[in-house]
Student: 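Sharing a structure below in structure tokens format, with a few things to ask.
Everything quoted here is computed from the prediction, not taken from an experiment. These values consider heavy atoms only, across backbone and side chains, with no hydrogens, waters or symmetry-generated copies. The sequence lines fix the lettering, A, B, ..., with proteins before strands; numbering per chain opens at 1.
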Number of protein chains: 2
Amino acid sequence: MFMPVGTLGSVKGVSQDVLEELGVEILLSNTYHLFLRPGVETVRRMGGLHRFMSWDRAILTDSGGFQVFSLNELRKVTEDGVAFRSHLDGSPHFLSPEKAMEVQIGLGADIIMAFDECTEYPADAQRGRDSMELTLRWAARCKNYFEEHKGEVPWGHTEVVELRSAGRPRAAVPTRSEATQALFGIVQGGMDAVLRRESALRTVDIGFPGYAIGGLSVGEPRELTRDIVFSTLEHLPSDRARYLMGVGTPEEIAQYARAGVDMMDCVLPTRAARHGLLFTSEGKVSIKQARYAQDESALDPACECRVCLRYSRAYLRHLYASNELLAQVLNTVHNLHFYLASMRAVRAWIRAGDAAG
Amino acid sequence: MFMPVGTLGSVKGVSQDVLEELGVEILLSNTYHLFLRPGVETVRRMGGLHRFMSWDRAILTDSGGFQVFSLNELRKVTEDGVAFRSHLDGSPHFLSPEKAMEVQIGLGADIIMAFDECTEYPADAQRGRDSMELTLRWAARCKNYFEEHKGEVPWGHTEVVELRSAGRPRAAVPTRSEATQALFGIVQGGMDAVLRRESALRTVDIGFPGYAIGGLSVGEPRELTRDIVFSTLEHLPSDRARYLMGVGTPEEIAQYARAGVDMMDCVLPTRAARHGLLFTSEGKVSIKQARYAQDESALDPACECRVCLRYSRAYLRHLYASNELLAQVLNTVHNLHFYLASMRAVRAWIRAGDAAG
């Protein structure tokens, strides 16, 4: 499955009912961003992220590790964790394996991620090994903390509550069962296939219900990304969820899914949409181009999304060129539909293979 | 009826299907803005504004006069028309009564407006009279041009066209019948009740299917606005549409509708929404305030819009405070629903009076 990114508990510009209509089954939200705004205590008191954002389908939160590394030049990494400053106001903060677990338990996503160090690219051999070892020690600490505190999720404490003074219930956002969250481990090891193998085997030894491949899309060539994904994948158990983090184009998504990756997320469809870059069955369309100014055809004639069924390229081009809010909304809806349809095609391909097999 | 403002052929952030669901029956679009972007030729070639924006309900375009006066410090008014420079790129343009008709016929809205001079406030007696006389001469020129060219609307030239290469028709945007547009006159006369009366009577003498009260909300006190509206209204025929331009708060809208105004438009619900100011049955709510950060209640417990039925004040406050696109989308949907519901209440009040009557 493909997970659209809803950084701050919202997929930019798209309301939850449209996400449901698009067939989104699971969203990714960013712990780092929610930790800073609105803060974990607010989300916890609101009953967790599902109820806070009125989203009854699944949510995965990342650990915050990637943002701490990518958004903070002045971070300080120790064995204990990472000290960093908010990219918003410079205020000092600290995340450790235990703190990242505490925060993610408070947010209450269905799937939460171990706190890892994302090794920079390029990195020399010693640095790669040290970083991988640190991530492994942190993974064990995450699991320990999670096992002790997993009962503290803000679910199931209350029944569906009457929220409206007029006495009518709000659209159902049921509180969850007594089930706990699932904590996934993350494989690191930089661009070294040997380290990746070791990281995978030792993370599996710690034992998680799912495993992510992290530390990719950090500036390396796409060929290298692919090699590392494939060489890591073979060391991860096929009866556990395998999640490739932060990758990639529609073609890559389909390729990795066919290779056995179960879950992927990427900001590309939503971010590109906001910059007028649209994915279609005929290739990429940069809707800002003047050539579309009087083009009455649908953005993608083969697409059945609500944007392609209703609007012309000329109108979408006008909205984008005029900096209209609706451009970002409609472009995002289309790109998400394109990604999700790609994944549905892969699932059909897999089922056909199973049936033939 | 209340007409939401879709300046550039889009109500900012709200897709057309949501506008339909909200019960919007007629939109206002701005000739001045569409004239500059995407240009009338593009809209005309796309079959007119309805088809360009995929909106099968009614549209009214203003004449461009108000924007020429409010957005252009360096305009030059002559008997012939107004020379001005684009607020976008400084390029020189010219609008006259004839040109404003030509542009509005090309855009193809259902209702189009005479090109008028919006008298500044305050203005002395001579300036008020001169400006009113100019608007009257321009109104006659508009009518003349319109009568000669009204057959040139970009409607009805073709049947519903197969737009999609896959052979499936896009959601129906039927081309219109052979009917022509309706041209409304505009009453000016500044803040002088005597001039307003004269402007009304002489505009009615020219003869239009509907009359607008223009030149208000230009900086005058609200009490004065109300006095001028009421004193003008009595000189307009009750069997023709009476349209009050660019006014006002939900209370004013309801008050004017009960007094006999048939049509109103205002940017307030949409613009205020984008600034986090929301109208509710319990008064105005500034959703940015920290007091709502952990408020689980609906924005307006008495409201049945899709925003109030699904989201909490806490979530809306978070979206706004985090500068999320969805804040503008959801806030706009709620405010429009509030305005439209207010108008529905007035219509029920009028029908009850007729029934009692």
Student: Using non-hydrogen atoms only, which part of A:R306 is less than 4.5 Å away from chain B: side chain, backbone, both, or neither?
Tutor: side chain
Student: State whether the number of non-hydrogen atoms from other residues, nucleotides or ligands found under 6.0 Å of B:N323 atom CG is greater than 12.
Tutor: no
Student: Under 4.5 Å heavy-atom distance to chain A, tell me which part of B:V14 shows up: side chain, backbone, both or neither.
Tutor: backbone
Student: With a 4.5 Å cut-off on side-chain heavy atoms, are A:H318 and B:M53 touching?
Tutor: no
Student: Evaluate side-chain contact (heavy atoms from CB on, under 4.5 Å) for A:Q16 paired with B:L326, printing each intermediate quantity in order.
Tutor: CA-CA 10 Å; A:Q16 275 70 314; B:L326 192 58; 3.7 Å; yes
Student: Against chain B, label A:A314 side chain, backbone, both or neither, depending on which of its atoms sit under 4.5 Å from a heavy atom there.
Tutor: both
Student: So which residue, A:R274, A:R45, A:E41, A:Q328, ends up with the most heavy-atom pairs under 4.5 Å with chain B?
Tutor: A:R45
Student: Would a 4.5 Å heavy-atom cut-off, applied to side chains only, mark A:V329 and B:S15 as touching?
Tutor: no
Student: Taking all non-hydrogen atoms of both residues, which atom of B:G9 and which atom of A:Y315 are closest, and how far apart?
Tutor: O-OH, 2.6 Å
Student: Do you know which of B:L319, B:D295, B:D17 has the most heavy-atom pairs with chain A at a distance under 4.5 angstrom?
Tutor: B:D17
Student: Quick check: are there more than 12 heavy atoms from other residues, nucleotides or ligands sitting under 6.0 Å from CZ of A:R271?
Tutor: no
Student: Give, as side chain, backbone, both or neither, the part of A:V333 having an atom under 4.5 angstrom from any heavy atom of chain B.
Tutor: neither
Student: Ignoring hydrogens, what is the shortest heavy-atom contact between A:A321 and B:R37? Give both atom names and the distance.
Tutor: O-NH1, 3.7 Å
Student: Quick check on A:E324 against chain B: is it the side chain, the backbone, both or neither that has a heavy atom closer than 4.5 Å?
Tutor: side chain
Student: Rounded to the nearest 0.5 Å, what separation is found between the CZ atom of A:R310 and the CH2 atom of B:W55?
Tutor: 7.5 Å
Student: Given a strict heavy-atom distance threshold of 4.5 Å, which part of A:L8 is in contact with chain B: side chain, backbone, both, or neither?
Tutor: both
Student: If you measure from NZ on A:K12 to CG on B:L325, what distance do you get to the nearest 0.5 Å?
Tutor: 7.5 Å
